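Below: the structure, in structure tokens.
Just so you know, these numbers come straight off a predicted model, no measurement behind them.
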Amino acid sequence: MCSIGDDNFEELDNLKYMPAKEKPSPFSKCNKCKEEIPIVVLRSKDKYCRKCFLAGATHKFKATLGKHKLIRPNDRVLVIHKCGHPSTALLHFIRSGLDLETHKKLRFEPVVLFIEEFTHLTVTDRSEILKAIEKEVACFNFQVYLTSLAKLITTNSVETELHANFDRLEMDEDDKNVITKFVDQQLNETNKNDFLNITRQKLIVKIAKHLNCKFIFTPEISNDVASQLLTDISLGRGSTVSLNAGFCDSRDETVKILRPLRLFDLKELAFYNHLNSLEPVTYRKRDENPYKSVQQLMKKFVNELQVNYPATVTTILKTGDKLSLGTKPTNKCDFCNAPLEEEGPELTSAESTQFSHWVSTQTPAERRLAPERAFNNPTCDNYCFGCRKFRK
Amino acid sequence: MHITVEFGGGAELLFDNKKSHDVTLPEKDKEWIIKDLLIWIKDNLLKERPELFLQDESVRPGILVLINDADWELMDTVNYVIQENDRILFISTLHGG
């Protein structure tokens, strides 16, 4: 364990833990312009007036995109719509960026994709949601493709399942079973979620390629990224954490997944929508037991800690930003497509785990005969540590 | 005392899908504060699953409260003294997404 700086902890008692929630300062003007009356409090302490808040949000969005200089004029971008405040705000950010007349104008071509998978609702309700999404995207004047997870996983050609009108997409009470059957029932809830998440991502990349999009925008916000990061670490995907938690997921050579909202929190986006008179499409969420899977538990942990410690999410994100892929990868996982770790002089924690397993399942004679690092991937397949559990 | 109570972002799903409610609060000895209003809403407007709207003596984290279009955190949250014709909006961030 690292012990640098430990001896100072007693003196700096107040810095030992994350700062708790503060009360907003009694100063009754906007933090930024110091003139107008504030209307919103962010991070439980910073007060902004309407104008400064909206300008700040727009700036943050464009700065996140601009900083990485990945998108070139006229590139096609597939924007993933997932219902709720982040998706609506994302569409609005893009529309207002494209409509600018200044040199700061956004210059890419967005296409919106919505993948329906609300199998806990009735077919009528699901159809209403699709209709509302189609209408919302049309209001922003974007092209939309609607599809459903059940259809995507049962077809070999995704292009036949992309529809521009909600009534073209067939939905069935049986969709839930289709998805259940697709996933190996031997897996526990956490691994089922993990499997479906990777499947979804692969499908999105496939659709992006079909639609000639070089980039994908997802509406993940800071809380999503923070809980994803902790989930990845607990599921043995620590070595590729920067792909799922960074701004850009570059595991595919041609299509990059970008997270332009990764520095926003829900309150910011909900206020942004409210001030722009936008009402997002909403639906009844599935009742989920937070203790049933690691993903749900991490979400609960992050969100609950965030309530009283507003620095939680930023602390996790900033720490995550310092993690990057080690060496240039030569080999990729057959399932999730993430780079495989190469054997280095020192054992990685995944190798150590495998060693413990190996050493306790071999007889002493077998152990003596085994070549060096025989414990490491005994079946010689091309899966990363996190995906090996899906191997049949 | 007359006020307007509104729900958005999916919070209306818990209130018969009705977004705007004109409310007349009954007279009482002390001033009406938001904490009292939340109990009144629970008893009079809320149609289902109170745990999705309330937690302890406040709203559930994830529900934003705007008093006359401004964040309630600027106004001491549950202790804000309600005035005649106030417009109180609850926006859920928990639905969808």
(request) Check the angle between the aromatic planes of A:Phe93 and A:Phe61 and answer parallel, tilted or perpendicular using the 30° and 60° thresholds. (result) parallel

(request) Check whether B:Asn68 gets within reach of chain A through its side chain, its backbone, both or neither, counting any heavy atom under 4.5 Å. (result) neither

(request) Before accepting this row, confirm whether a basic side-chain N of the pair B:Arg87/B:Glu6 lies closer than 4.0 Å to the acidic partner's carboxylate O. (result) yes

(request) Below 4.5 Å from any heavy atom of chain B, which atoms of A:Val307 appear? Answer side chain, backbone, both or neither. (result) side chain

(request) Check each atom of B:Leu89 against the heavy atoms of chain A and say whether the ones under 4.5 Å are side chain, backbone, both or neither. (result) side chain

(request) Please determine, by modelled atom types, if A:Ser293 and A:Asn193 share a side-chain donor-acceptor pair under 3.5 angstrom. (result) yes

(request) In plain terms, say whether B:Asp71 and A:Lys267 are close enough for a salt bridge, that is, a side-chain N and a carboxylate O under 4.0 Å apart. (result) yes

